[in-house]
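In what follows, a single structure is set out as structure tokens and then discussed.
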Amino acid sequence: MENTVKADAKARLLEYCREYAEQNGHPPLAYVYSFGCQQNVSDGEKLKGQLSLVGFGFTDDTEQAQLIIFNTCAVRENAENTVYGAVGGLKHLKEQKPDLIIGICGCMAQLKHVADKVKSSYRQVDLVFGTFAYNELYAMLCTVIFDKRRVFELSENSTDISEDFVQIRDSRIKAFVPIMYGCNNFCTYCIVPYVRGRERSRKPEAVIDEVRKLIDEGYKEITLLGQNVNSYSYGFPALLREIDKIDGEYRIRFMSSHPKDATNELIDTIIDSRHICKTLHLPVQAGSDRVLKAMNRRYTTDDYLKIIDYARSRMPGFSFTTDLIVGFPGETEEEFEMTKALIKRVGYDNIFSFVYSRRSGTPAANMPDDTDDKTKGLRLRELLLEQRENIEKLFSRFVDKEALVLVEGKGRQMQLTGKNDEGIIVEFDGDESLIGQFVAVKINRFANWALFGEITKGKAE
Ligand code: SAM
Ligand code: SF4
Ligand code: F3S
């Protein structure tokens with residue numbers, strides 16, 4: 001029954017796009033923009049895949065678009081404000097072009113208070129749908145186009161994983177492959193479990209098959225995605241080992257890895273692999289055990305450091321990156337100093353640090369918070385300065401050594417840019433024809449944001 005509804009809606013949209021193309025000399029164009037994390041980018045690629053199947057073309061210019069979709073993020077307040085700003089800016093365009101369709105989807109759209117606000121204050125928006133409704137895109141578009149009704153679809157009923165999708169990927173070099181959806185961890189500050197639902201894992205065969213196809217198509221870097229890949233139902237290290245058996249010239253990355261479930265087996269699998277980058281993104285969030293407990297992270301700094309020490313005992317240069325939150329409710333100056341001490345102790349190749357953002361509906365939103373915004377801002381700056389000092393020491397380990405770099409595009413300071421195994425930007429001179437290939441680069445200097453060097457081999461062995 002459901003499939004018939006989808007097929008009917010698909011047929012109507014195919015007809016709509018065909019007629020539109022006949023009248024306008026080109027297909028209706030869609031502008032799809034994804035905010036937030038890689039999972040969202042991947043969802044955006046699937047939305048574009050669905051649109052392409054019924055005949056939509058794509059544009060980067062909202063003025064040319066017949067359909068505009070913002071695929072949104074709710075993780076911090078400023079992510080939400082950016083979306084309200086972007087949608088507010090389209091009011092004029094909608095007045096000039098009443099049959100323009102404007103949609104908001106993704107994590108922010110899953111929140112009822114957001115949908116209510118859009119319903120009453122952003123009349124230019126025709127379509128709001130949450131993270132469970134991607135598969136119903138055709139039916140929703142039909143309601144907007146043919147019935148001339150606004151659609152608000154926030155139900156959480158379709159939690160099945162659909163393997164029946166087409167993707168229009170943003171890159172020809174790097175690809176995202178979700179291995180699971182949702183999150184069960186309920187860290188007290190985080191909105192993700194509320195907008196993405198419970199954990200659902202894809203079957204290993206489906207993941208391996210997708211990765212194999214990407215490698216055959218020439219993709220060079222594949223990033224496996226999940227909010228906590230370590231709780232992948234079918235065993236994450238085993239999945240990694242199966243993927244690593246695929247022959248070819250490619251590298252594997254993954255994120256995120258929750259420290260409470262990171263094991264020595266995971267570290268061994270990475271170190272003993274042929275294709276997995278020797279780096280681990282291991283979000284610690286804070287350096288104080290009291291704060292970690294209040295965050296419901298379910299590990300102590302000691303547990304965390306054991307993973308780091310094990311990896312470094314097997315491979316001294318093993319690289320770590322992390323996420324950090326400053327200004328969590330009740331965080332004292334002393335506790336903040338513990339975070340600084342932790343980043344010094346670990347020596348991260350990169351940190352992603354955020355000022356705590358209050359998310360309504362999460363437990364932390366009701367915790368007393370007596371630190372003012374200015375102090376929180378200063379703590380963030382201090383953390384970045386601390387990291388900058390550490391980087392000087394850390395990056396020197398790459399100098400005079402050769403790095404394997406996947407060339408991604410034109411550089412900021414030199415002709416080309418790419419990333420090494422550890423995910424650090426490397427710039428060097430070379431021909432643009434190298435974009436999309438691995439090259440060996442001898443590093444001769446660095447800044448706090450990149451390494452610089454010279455190609456030693458056009459193509460690394
Ligand atoms: N699932 C991943 C994990 O646990 O490592 C994290 C995913 S979350 C989308 C990315 C990062 O956003 C988190 O690691 C955390 O540092 C940050 N974050 C989440 N909620 C936040 C909040 N309310 N305020 C500030 N930063 C937040
Ligand atoms: Fe959010 Fe925690 Fe889940 Fe990560 S593990 S998505 S921080 S609740
Ligand atoms: Fe990602 Fe933002 Fe949603 S970080 S999972 S897009 S809330």
Side-chain angles (χ1 to χ4, degrees), residues 33-45 47 70-83 104-111 114 130-132 134 176 178-199 224-232 254-262 280-287 291-292 294-299 304 307 320-329 331 339 343 348 350-367 369 371 373 376-377 379-380 383:
Y33 189 87
S34 295
F35 297 89
C37 64
Q38 288 96 330
Q39 178 63 63
N40 241 28
V41 172
S42 170
D43 290 341
E45 292 178 340
L47 278 177
F70 292 117
N71 185 24
T72 61
C73 170
V75 81
R76 283 170 289 275
E77 193 181 358
N78 57 3
E80 287 193 12
N81 291 340
T82 311
V83 173
I104 301 179
C105 68
C107 294
M108 190 179 153
Q110 189 64 50
L111 295 166
V114 171
T131 58
F132 296 87
Y134 294 114
F176 296 128
I179 63 165
M180 57 191 295
Y181 304 94
C183 179
N184 290 354
N185 292 305
F186 290 95
C187 302
T188 55
Y189 50 81
C190 184
I191 197 74
V192 172
Y194 303 87
V195 293
R196 288 268 172 190
R198 299 293 64 76
E199 287 174 358
L224 307 175
L225 300 177
Q227 292 303 342
N228 174 15
V229 289
N230 297 330
S231 57
Y232 178 65
F254 58 86
M255 70 187 304
S256 276
S257 180
H258 196 305
K260 80 179 164 59
D261 307 307
L280 185 59
H281 183 63
L282 200 62
V284 69
Q285 312 298 357
V291 174
L292 287 175
M295 288 177 161
N296 190 32
R297 289 293 287 180
R298 286 176 279 169
Y299 53 84
Y304 185 88
I307 310 166
F320 286 93
T321 57
T322 202
D323 291 350
L324 294 158
I325 295 179
V326 300
F328 183 79
E331 180 192 69
T339 302
I343 70 170
Y348 292 106
N350 204 353
I351 63 168
F352 301 87
S353 42
F354 314 99
V355 171
Y356 167 73
S357 172
R358 193 180 164 279
R359 302 286 67 206
S360 162
T362 61
N366 300 322
M367 293 180 188
D369 185 3
T371 313
D373 288 351
K376 292 185 181 192
R379 284 185 191 165
L380 184 71
L383 207 62

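Indexing begins at 1, ligand by ligand and atom by atom, following the structure's order.
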Heavy atom of the protein closest to [atom] (residue, atom name, distance):
| atom | value |
| --- | --- |
| atom 6 (S) of ligand 2 | Gln227 OE1, 3.5 Å |
| atom 25 (C) of ligand 1 | Val355 O, 3.5 Å |
| atom 7 (S) of ligand 2 | Tyr189 OH, 3.3 Å |
| atom 5 (O) of ligand 1 | Pro283 CG, 2.9 Å |
| atom 1 (Fe) of ligand 2 | Cys190 SG, 2.3 Å |
| atom 5 (S) of ligand 2 | Asn185 ND2, 3.5 Å |
| atom 7 (S) of ligand 3 | Ala74 N, 3.3 Å |
| atom 7 (C) of ligand 1 | Gln227 OE1, 3.2 Å |
| atom 2 (Fe) of ligand 2 | Cys187 SG, 2.3 Å |

I'd like to check which ligand 1 atoms, numbered from 1 as shown, lie under 4.0 Å from a non-hydrogen atom of [X].
| X | answer |
| --- | --- |
| Tyr356 | 24 (N), 25 (C) |
| Arg359 | 23 (N) |
| Gln285 | 13 (C), 14 (O), 15 (C), 16 (O) |

Which ligand 2 atoms does [X] reach within 4.0 Å, using its non-hydrogen atoms?
| X | answer |
| --- | --- |
| Val192 | 6 (S) |
| His258 | 5 (S) |
| Cys183 | 3 (Fe), 5 (S), 6 (S), 8 (S) |
| Arg297 | 2 (Fe), 7 (S) |
| Phe186 | 8 (S) |

Quick check: Phe352 with Phe354 (ring centres under 6.0 Å apart)?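 No: the rings miss the under 6.0 Å criterion.
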Please state whether Val75 comes within less than 4.0 angstrom of ligand 1, counting heavy atoms only.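 So Val75 counts as touching ligand 1.
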Under a 4.0 angstrom heavy-atom cut-off, which atoms of ligand 3 come close to [X]?
| X | answer |
| --- | --- |
| Asn40 | 6 (S) |
| Gln227 | 5 (S) |
| Cys107 | 3 (Fe), 5 (S), 6 (S), 7 (S) |

With no hydrogens and no angle check, do the side chains of [X] and [Y] hold a donor and an acceptor under 3.5 Å apart?
| X | Y | value |
| --- | --- | --- |
| Asn296 | Thr188 | no |
| Asn350 | His281 | no |
| Asn71 | Asp43 | no |

Consider every N or O of [X] and every N or O of ligand 1, then say whether any pair is closer than 3.5 Å.
| X | answer |
| --- | --- |
| Arg76 | yes |
| Ser357 | yes |
| Arg297 | yes |

Going from [atom1] on [X] to [atom2] on [Y], what distance comes out if it is rounded to the nearest 0.5 angstrom?
| X | Y | atom1 | atom2 | answer |
| --- | --- | --- | --- | --- |
| Met295 | Met367 | CE | CE | 9.5 Å |
| Arg298 | Asn185 | CZ | CG | 5.5 Å |
| Cys37 | Phe176 | SG | CZ | 9.5 Å |
| Cys187 | Leu292 | SG | CG | 10.0 Å |
| Phe70 | Ile104 | CZ | CD1 | 8.0 Å |

With atom 20 (N) of ligand 1 as the reference point, say which of Phe352, Tyr189, Phe328, Phe354 has the nearest heavy atom.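 Considering heavy atoms of Phe352, Tyr189, Phe328, Phe354, the nearest to atom 20 (N) of ligand 1 sits in Tyr189.
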Just go through Asn185, Asp323, Thr322, Leu324 and tell me whose heavy atom is the nearest to atom 14 (O) of ligand 1.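 Among Asn185, Asp323, Thr322, Leu324, the closest heavy atom to atom 14 (O) of ligand 1 comes from Asp323.
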Heavy-atom distances under 4.0 Å decide this one: backbone, side chain, both or neither, for Cys73 against ligand 3?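 It is both backbone and side chain that touch ligand 3.
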Taking non-hydrogen atoms only, is Arg196 closer than 4.0 angstrom to ligand 3 via side chain, backbone, both or neither?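 For Arg196, the contact with ligand 3 is made by the side chain alone.
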At less than 2.8 Å, would any N/O/S atom of Cys37, backbone or side chain, sit next to atom 3 (Fe) of ligand 3?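 Of the N, O and S atoms in Cys37, none lies under 2.8 Å from atom 3 (Fe) of ligand 3, which means no.
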Can you tell which of Phe186, Tyr299, Tyr232 makes a ring-ring contact (aromatic ring centres under 6.0 Å, His included) with His258?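 Among the candidates, only Tyr299 passes.
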Which bit of Pro193 gets closer than 4.0 Å to ligand 2, counting heavy atoms only: side chain, backbone, both or neither?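 Near ligand 2, Pro193 shows its side chain, while the N, CA, C and O stay back.
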Can you tell which of Asp369, Thr371, Asn366, Val291 makes a side chain to side chain contact (heavy atoms under 4.5 Å, CB included) with Pro329?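 For Pro329, the side chain to side chain contact (heavy atoms under 4.5 Å, CB included) check succeeds only for Asp369.
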Identify the heavy atoms of Thr131 and Cys107 that sit nearest to each other, and give their distance.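 Between these two residues, the closest heavy atoms are CG2-N, 3.7 Å.
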Quick one: does Val326's side chain get under 4.5 Å of Thr339's, heavy atoms only?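 Not in contact.
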